[in-house]
Amino acid sequence: MSEMTASPTTSGVVSRRLAFFKGLQMLTNRIHASKNVDEIMLELAPELCTLFEAERFTIYAVEDSGGTIVTRIKTGLNGVQSIRLPIAENSIAGYVALSGQLLNIRDVYDDNELRCVSPSLQFRREVDASTGFRCRQMLVAPIRDPDTGSLLGVVQLINTVNGEPFPRMAEEGLLGLAQTLGVAFLRHARQPGRLRSRFDALIVDGRITAEEFADAAREGRESGAGTEAVLIAQLGLSPAELGAAAARYFGVPYQAFVANHVKPMDLLRNIKREYVEQALWLPYEENADGVVVLCIDPEQVRSSGVAQNVLPKKRLSFRVTTQRDFEQTVEQYFGGALDDASVTDLLSGLDEREEEVGSLKDDVSAAADNELVKLVNRIIVDAYRQGASDIHIEPRPGKEKTLIRFRKDGSLVPYIEIPASYRNPLVTRVKIMCDLDIAERRKPQDGKIRFRKFAPIDLELRVATLPTQGGMEDVVMRLLANSEPIQIDKLGLLPFNLDRLKATIAKPYGIFFVCGPTGSGKTTTLHSILNYINTPDTKIWTVEDPVEITQKGLRQVQVNRKAGIDFATMMRAFLRADPDVIMVGEMRDHETVSVGIEASLTGHLVFSTLHTNSAPESVVRLLDMGMDPFNFADALLGVLAQRLAKRLCLKCREAYRPDDGEVDRLLEEYCEDMHLTDDFRADPEAARERVLTRWKEAFAGEDGRFTLYRPIGCEHCNQGYKGRVGLHELMLGSDAIKRLIQSRGRVEQVLGQALGEGMRTLRQDGMEKVLAGITDMKQVRKVCVR
């Protein structure tokens, strides 16, 4: 069929194909013209991702040993160090290197699809598990020497933008790119004086032969000791000779271990030994040239940009060192830095216990062991210092180790594993600390630990033990630090909501609710409100379970059901104690809500929390509990619904300019919540334009464009996030809302009226915080379920 008579569909495919290969040709021309293939590939990697409509791009190079490939160029995952893969079937890139075949995988997690390629083919999930990024599609091709056909490396594309498999056109394009890279790599390797590895200078200078090096590399790989250790132990080379050869290869000075070198404590203040041992770099000193970074692979550290993120606004210079010198420097810097034993040190003492003792007497004896006592204290101290809200102790059956996890910023992260033989003594030790029945393992128990008895930290822990399968017990400890309330201006409320909230809580009487699921920060918000209205001429009573935040001037009561102190009882007692303001930790039953409404109608300001999803839903829920709609409408001041979303880490978040399509999608999603309002129904386009204009006034730059941010990940944060921010939905008890309550209006009617009066839903509030660079849409969608 001629192009003139081709169908529109066929013509479009042909046009896209021509445009794709034209773009690829332009990029390959730039690769051929470049003198430095690594620099040009770092520059072109984002353009290649755009051309192939892929999320990530990686190039692996064959290491000198010939048995592994290592990342040479990669986009994203900057916090991840070099990925080394054996040339074998236990990874997709390793299989391509082994077989020399192009692979186009639809879903790397589909074991059946992988087995169709080879029964032994596997996908290595470690990077996904450690970063939170999920691979789906992969298109991988080998890079070969155009003269001999020998393997030089592997080029890999990860995840299509549209979620579909990589098309045939992408396969053809990647094979062409691999040919270009083969020529470029070979040209680069043949440059005069070019060294191909950190050890090549030893061969060039005649210190060892190529055969001796090959034997040493093979033995180091097979024994696990590494090439460097074999060269030192068997061929008599010194670390200084290895360091000098590495310096010539990387083009930076060699730094040997200096026994009396002064530790740069100011540079090490926020850097942990565990990170240094994983990342293989550390700040060595600061001089006139800036901060000297000591590392084993300067090219990797420089290209990843992690050192610059950790040391912002510092000029960096690099020095290469050997593995042995680096390990000695790490021990010098961190070996005696701790005032008390680390968790690793304490665990090493526990590993000597081989058999799990079955009797309660022996469990108690083991629980009193000095090392175990120190370990439990260290776990709690580390959780406190890391800002964790909960500690989860999770014994597992058989000889599996007991897992301990911390909840940080709302997500559980692994902390350590305890030997299986210590699972019962560990739980027994926690029970002893909070005076629980150590013999009872079949029923749940609750208790508290006042940690001041065990360490100089003013900390209380709420402990819950739960029987699990196999006669074991899980333990969950909630950390309740006696903290000061957050200032109301620092709660994260948008100015629009903050002004309305302050005006509402300044009223002399009525009832105000804060609603949301467990752990959404309701108590924190209520104490910020109380702190705002807490004056010497105001009497404020609170009843809470537990008392987590203490304030001067508040009279706070702890619920104690064994003593007959519950929410409803204390509410009635408060009415006889001349209060101005009453705060109830939670209203979960008809009696407590009735007393609260009664108190608000008799001249008191009442605050409480509810476990509901949204502000309009709270009103209907209370009516369903049997509240008199007229009394409730008269008493209601407002309802504040809230959620907690993860904040982007300010140290590593990456700025980008969204295109018009992304802004349009954000606007469309924002306006989905406005369809119940009269203004939106009358003229949707005008309503959208008003929202966009307001966004540009509040969040856009001088050029009218927005700047959004995406998570990257660094050692200071958890996969790109650090801390949390509140998302808020404030509905006030206006006359129209009260009329709907009196007539028992539906949730949709209440929501439509509130939106018409200016309320912003949780999702809308979150989206404005996305535009402000505080969080991202992934987190907003995660906590604001429609």
So does [X] pair up with [Y], basic N to acidic O under 4.0 Å?
X    : Y    : value
K522 : E586 : no
E768 : R694 : yes
K502 : D489 : yes
R665 : E668 : no
E286 : R315 : no
R763 : D673 : yes

Query - W695 and Y670 aromatic centres sub-6.0 Å - result: yes

Query raised in the report: Ring centroid separation for F52 and F20, is it under 6.0 angstrom?
Result: yes

For the [atom1] atom on [X], are there more than 12 heavy atoms of other groups (residues, nucleotides or ligands in this structure) within a distance under 6.0 Å?
X    : atom1 : result
E53  : CD    : no
Y532 : OH    : no
D678 : CG    : no
D660 : CG    : no

Sub-3.5 Å donor-acceptor pair from the side chain of [X] to the main-chain atoms of [Y], do we have one?
X    : Y    : result
E729 : A641 : no
K769 : G492 : yes
D765 : H728 : yes
Q137 : I158 : no
D409 : G723 : yes
E47  : L44  : no
R681 : H675 : yes
E669 : Q764 : no
N309 : R653 : no
T677 : M674 : yes

How far does [atom1] of [X] sit from [atom2] of [Y], to the nearest 0.5 angstrom?
X    : Y    : atom1 : atom2 : answer
M41  : I73  : CE    : CD1   : 7.0 Å
I540 : I533 : CD1   : CD1   : 5.0 Å
L48  : L157 : CG    : CG    : 8.0 Å
D382 : Y384 : CG    : OH    : 13.0 Å
D659 : R705 : CG    : CZ    : 8.5 Å
L610 : S608 : CG    : OG    : 6.0 Å

Does NZ or CZ of [X] come closer than 6.0 Å to the centre of the six-membered ring of [Y], within 45° of the ring's axis?
X    : Y    : result
R657 : F706 : no
R647 : Y721 : no
R136 : Y109 : no

Are side-chain heavy atoms of [X] and [Y] found at a separation under 4.5 Å?
X    : Y    : result
Q156 : K74  : no
V780 : V770 : yes
S600 : Y509 : no
V620 : R746 : no
R760 : L494 : yes
Q742 : D634 : yes
L771 : L708 : yes
L177 : L174 : yes

Looking at every heavy atom in both [X] and [Y], which two are closest together, and how far apart are they?
X    : Y    : answer
A633 : I741 : CB-CG2, 3.9 Å
T612 : C515 : OG1-CB, 3.1 Å
V606 : G596 : CG2-O, 3.8 Å
S528 : L491 : OG-CD2, 3.5 Å
A655 : T707 : CB-CG2, 3.9 Å
R500 : T504 : O-OG1, 2.8 Å

Report task. Run through T524, I486, L526, T542 and flag the one making a side-chain contact (heavy atoms from CB on, under 4.5 Å) with I549. Result -> T524

Query raised in the report: Of I505, V514, I511, which is the lone residue that meets side-chain contact (heavy atoms from CB on, under 4.5 Å) with F607?
Result: I505

**Report entry** L554/H527 under side-chain contact (heavy atoms from CB on, under 4.5 Å): CA gap, chis, key distance, verdict
**Finding:** CA-CA 10 Å; L554 268 60; H527 271 279; 4.1 Å; yes

Query raised in the report: What's the verdict on side-chain contact (heavy atoms from CB on, under 4.5 Å) for T609 and M583, showing C-alpha distance, side-chain angles and the deciding distance?
Result: CA-CA 9 Å; T609 69; M583 192 271 269; over 6 Å; no

Requested in this report: On the 0 to 90° scale, with breaks at 30° and 60°, tag the F406-Y415 ring pair as parallel, tilted or perpendicular.
Outcome: parallel

Requested in this report: Start with the C-alpha distance between L751 and M759, add both sets of side-chain angles, then the distance that settles side-chain contact (heavy atoms from CB on, under 4.5 Å), and finish with yes or no.
Outcome: CA-CA 9 Å; L751 175 60; M759 183 189 83; 3.7 Å; yes

Requested in this report: Step by step, work out the side-chain contact (heavy atoms from CB on, under 4.5 Å) result for R56 and F133.
Outcome: CA-CA 11 Å; R56 297 241 162 110; F133 178 82; 3.1 Å; yes

Looking only at the side chains, is there a donor atom on one of [X] and [Y] sitting less than 3.5 Å from an acceptor on the other?
X    : Y    : answer
Q642 : T525 : yes
K646 : S411 : yes
T535 : T538 : yes

Query raised in the report: For Q753 and E757, what are the C-alpha separation, side-chain angles and deciding distance, and is it a side chain to side chain donor-acceptor pair (under 3.5 Å)?
Result: CA-CA 6 Å; Q753 182 60 42; E757 294 174 358; 2.9 Å; yes

